[in-house]
There are 2 protein chains.
Amino acid sequence: MSRLNLTTQRKAILDLVQSCEDHPTAAEIMERLRMNGHQFAYGTVYNSLRYLTDAGLIRELKLGETASRYDGRTEDHYHIVCKKCGRVDEVLSAPPAEWIREVAAKTNYDVHHSQVVFEGVCYSCKHPNA
Amino acid sequence: MSRLNLTTQRKAILDLVQSCEDHPTAAEIMERLRMNGHQFAYGTVYNSLRYLTDAGLIRELKLGETASRYDGRTEDHYHIVCKKCGRVDEVLSAPPAEWIREVAAKTNYDVHHSQVVFEGVCYSCKHPNA
DNA sequence: AATTAAATTTATACTAAGTCTAAATACTAA
DNA sequence: TTAGTATTTAGACTTAGTATAAATTTAATT
Ligand SMILES: [Mn+2]
Ligand SMILES: [Mn+2]
Ligand SMILES: [Zn+2]
Ligand SMILES: [Zn+2]
């Protein structure tokens, strides 16, 4: 609840995550920072990722792999993972509100949020030629 | 692809998971086994859970917590987690096929499977009295 | 500007969940 | 039996992430 404090480290990490086309893990983020000439402490990267996530500037994705991934896209959306090559793509269509209402009614929960991870085979893996 | 081999340990773990009303973690399973008079090696519990999961007799749930949970219910279904008390309840209504088709079309994936975790507040947490 | 206080970074120790390994047991099939 | 395979066990190891305490940076106060 305090005002945003973007230090050099946090800004660099935010910029990097926002510039990514993919959804890197903390380890991948550290590697890319190093390639860009930065050298931050291990813990600082984790602290910054948590800080930026809490501030709502990036999102942490838990896709069922061992490590969290990070996403510069903050609007609500979902993901699909290719079980052949591991790539993670965006899913921009939201689950139908009707279904959410049904779930809320049947479970007696106030439903605040849903995390959806699709699994399948991506186009490139499906068509290895071309 | 070899035939099912339910050793004493695997059978005890399968029975336990199937008898659970909830979705215990590996640590909770070990604790409950111990309470039932069993004492299996740490690694055996993990090995057995993997074996039973691979055999399709139980399901491993990755709900975004630090530890996997296990589910004796093997038919396709989803889960909802109370962010107040942590309880995990069943969600038996499936996402509309129409939505899945839309996702497949937009992403160019063959969609094989989806994992959905709802988050919200359960009835008991919403009505602390009563 | 100098001093103090608060926030952040750094290095490193530590934790939690799970896997791996090699020896000991148990089971199967000649 | 005996040999061969599978499983269990204990414990070392790995990976991802958190916690701690000292050092550094930044901000506020005199
Ligand atoms: Mn995304
Ligand atoms: Mn379930
Ligand atoms: Zn692929
Ligand atoms: Zn609750």
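Quick caveat: nothing in here was measured; it's all calculated off a predicted structure. Letters A, B, ... mirror the listed sequences (proteins, then strands); counts begin at 1.
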K.L.:
Have B:Glu119 and A:His112 got a donor and an acceptor in their side chains that come within less than 3.5 Å?
P.N.:
no

K.L.:
Considering Watson-Crick and G-U wobble pairs with both distances under 3.5 Å, what does C:dA30 pair with?
P.N.:
D:dT1

K.L.:
Output yes when at least one side-chain N/O atom of B:Asn5 is less than 4.0 Å from OP1 or OP2 of D:dT7, else no.
P.N.:
yes

K.L.:
Side chain of A:His77, backbone of A:Glu75: donor and acceptor closer than 3.5 Å?
P.N.:
yes

K.L.:
Each nucleotide in nucleotides 9-25 of chain C should get exactly one letter: B, S or -. Can you fill that in based on protein heavy atoms under 4.0 Å?
P.N.:
SBS-----SBB------

K.L.:
Taking all non-hydrogen atoms of both residues, which atom of A:Pro95 and which atom of A:Tyr78 are closest, and how far apart?
P.N.:
CD-CE1, 3.2 Å

K.L.:
Using whole Å, report how far CD of A:Glu31 lies from C1' of D:dA16.
P.N.:
16 Å

K.L.:
What is the distance, to the nearest angstrom, from the CD1 atom on A:Ile13 to the P atom on C:dT8?
P.N.:
13 Å

K.L.:
Taking the six-membered ring of A:Tyr70 (Phe, Tyr or Trp), confirm whether the NZ or CZ of A:Arg59 is under 6.0 Å from its centre and within 45° of its axis.
P.N.:
no

K.L.:
Regarding B:Asp71 and B:His79, do their side chains bring together a donor and an acceptor under 3.5 Å, going by distance alone?
P.N.:
yes

K.L.:
How many Å lie between CG on A:Leu4 and P on D:dA27, as a whole number?
P.N.:
13 Å

K.L.:
In this structure, how many angstroms lie between the P atom of C:dA7 and the CZ atom of A:Arg3, rounded?
P.N.:
12 Å

K.L.:
Check whether the side chains of B:Gln9 and B:Thr44 place a donor and an acceptor atom closer than 3.5 Å, and report yes or no.
P.N.:
no

